[in-house]
Amino acid sequence: MTVEPDQAPVRRSDATRAAILDAARARFAAEGFRKATIRAIAADADIDPSMVMRYFGSKDGLFAAAVDVRLDLPDLASAEPDSLGELLVRRFFEIWEEQPNKEVLLTLLRSSITDEAVAERVRAIFAEQILPAVLRFGDPADAPRRGGLIVTQMLGLALCRYVLRLPPVVALTRDQIIAEVGPTLQRYLTSIPAEGSRAVPPPAQESG
């Protein structure tokens with residue numbers, strides 16, 4: 001197959017962009033959003049810092065691209081109703097134990113505690129990917145509560161297994177975690193609010 005001459009610059013551009021993103025993911029994972037610098041990321045990628053700005057515009061733009069992750073959660077509406085919790089846990093392992101998702105999610109989890117910009121990205125993932133998946137099963141009006149409960153379980157598991165690396169949690173096999181956590185997610189997903197309970201909206205942020 002003949003390669004047209006004008007394809008070479010495009011391929012070099014893609015390679016440069018990929019190198020910047022790889023360096024950014026590693027640097028953000030190691031240092032967090034605030035401490036990582038454009039200059040250090042550029043040095044890791046062996047390019048001039050101006051190239052980073054050319055491709056991504058700003059550090060915020062680079063971070064957004066570096067931590068752009070697709071969870072690709074299963075379609076709960078078309079799955080067997082009794083297998084929903086197990087499906088979510090199995091997808092959890094696929095997300096957390098493959099590259100580049102693993103490094104991206106570790107970066108988000110580690111940094112979201114202390115960095116509001118990262119926390120906002122986690123909230124966006126919940127709103128844009130997790131909540132729509134839960135909306136496809138059960139009462140749509142109750143989806144935020146059920147989705148929130150599922151996230152507390154999965155982020156807690158990720159924190160203990162991949163960040164804190166608590167020995168008893170690390171020692172659990174996939175099958176053991178699926179057997180233990182799957183029914184909990186199933187209960188969260190299919191539960192209904194307790195009688196008389198209501199969702200409490202988050203406090204309004206004061207405008208500057």
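Please read these numbers as outputs of a predicted model, since none were measured by experiment.
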Separation between CG of L62 and OH of Y55, rounded to the nearest 0.5 Å: 13.0 Å

Under 3.5 Å donor-acceptor, K35 side chain and A30 backbone: no

I192 and D139, any side-chain heavy atoms less than 4.5 Å apart: no

Distance in Å, S112 OG paired with R123 CZ, rounded so as to fall on 0.5 Å steps: 9.5 Å

Side chains of T190 and F137 in contact at under 4.5 Å (non-hydrogen atoms): yes

Heavy-atom side-chain proximity of L76 to L189 below 4.5 angstrom: yes

Closest approach of R146 to Y188 (non-hydrogen atoms, all atoms of both residues): CG-O, 3.3 Å

Closest approach of L71 to I125 (non-hydrogen atoms, all atoms of both residues): CD1-CG2, 3.7 Å

Hydrophobic cluster membership, L164 vs L155, 4.5 Å side-chain cutoff: yes

Cationic N near anionic O, under 4.0 Å, D68 to R25: no

Gap separating the CG atom of D48 from the CD1 atom of I38, nearest 0.5 angstrom: 11.5 Å

Straight-line distance of R121 CZ to D60 CG, nearest 0.5 Å: 12.5 Å

Side chains of L172 and R161 in contact at under 4.5 Å (non-hydrogen atoms): yes

Straight-line distance of F92 CZ to L157 CG, nearest 0.5 Å: 4.0 Å

Single-linkage hydrophobic cluster, 4.5 Å side-chain cutoff, I177 and L105 together: yes

Exam field: side chain Q129 to backbone V69, donor-acceptor pair closer than 3.5 Å: yes

Shared hydrophobic cluster, L109 / F93 (ILVMFWY, side-chain heavy atoms < 4.5 Å): yes

Shared hydrophobic cluster for I113 and L159 (ILVMFWY, side-chain gaps under 4.5 Å): no

Cluster check F28, V118: I/L/V/M/F/W/Y, side chain < 4.5 angstrom: yes

Distance, nearest 0.5 Å, that separates CZ of R90 from OG of S83: 10.0 Å

Polar side chain donor-acceptor pair, R145 to S191, under 3.5 angstrom: yes

Short N-O contact, R174 and E94, less than 4.0 angstrom: no

Taking every non-hydrogen atom, the tightest pair across L73 and R91: CD2-CG, 4.0 Å

Atom of M154, atom of V89 and distance for their closest heavy-atom approach: CE-CA, 4.4 Å

Greater than 12 external heavy atoms within 6.0 Å of D46's CG: no

Closest non-hydrogen atom pair, A23 against D44: CB-CB, 3.8 Å

Under the salt bridge (charged side-chain N to carboxylate O under 4.0 Å, His left out) test, residues paired with D82 that sit two or more places apart: none

Close side-chain approach of D115 and F63, heavy atoms under 4.5 Å: no

Student check: side-chain heavy atoms of L84 and L88 closer than 4.5 Å: no

Qualifying residues under side-chain hydrogen bond (donor to acceptor under 3.5 Å, both in side chains), relative to Y162, sequence neighbours excluded: E97

Atom CD of E80: over 12 foreign heavy atoms under 6.0 Å: no

Steps toward side chain to side chain contact (heavy atoms under 4.5 Å, CB included) verdict (R34, T114): CA-CA 10 Å; R34 293 194 182 279; T114 58; over 6 Å; no

Non-hydrogen atoms of A143 and V134 that approach each other most closely: O-CG1, 3.8 Å

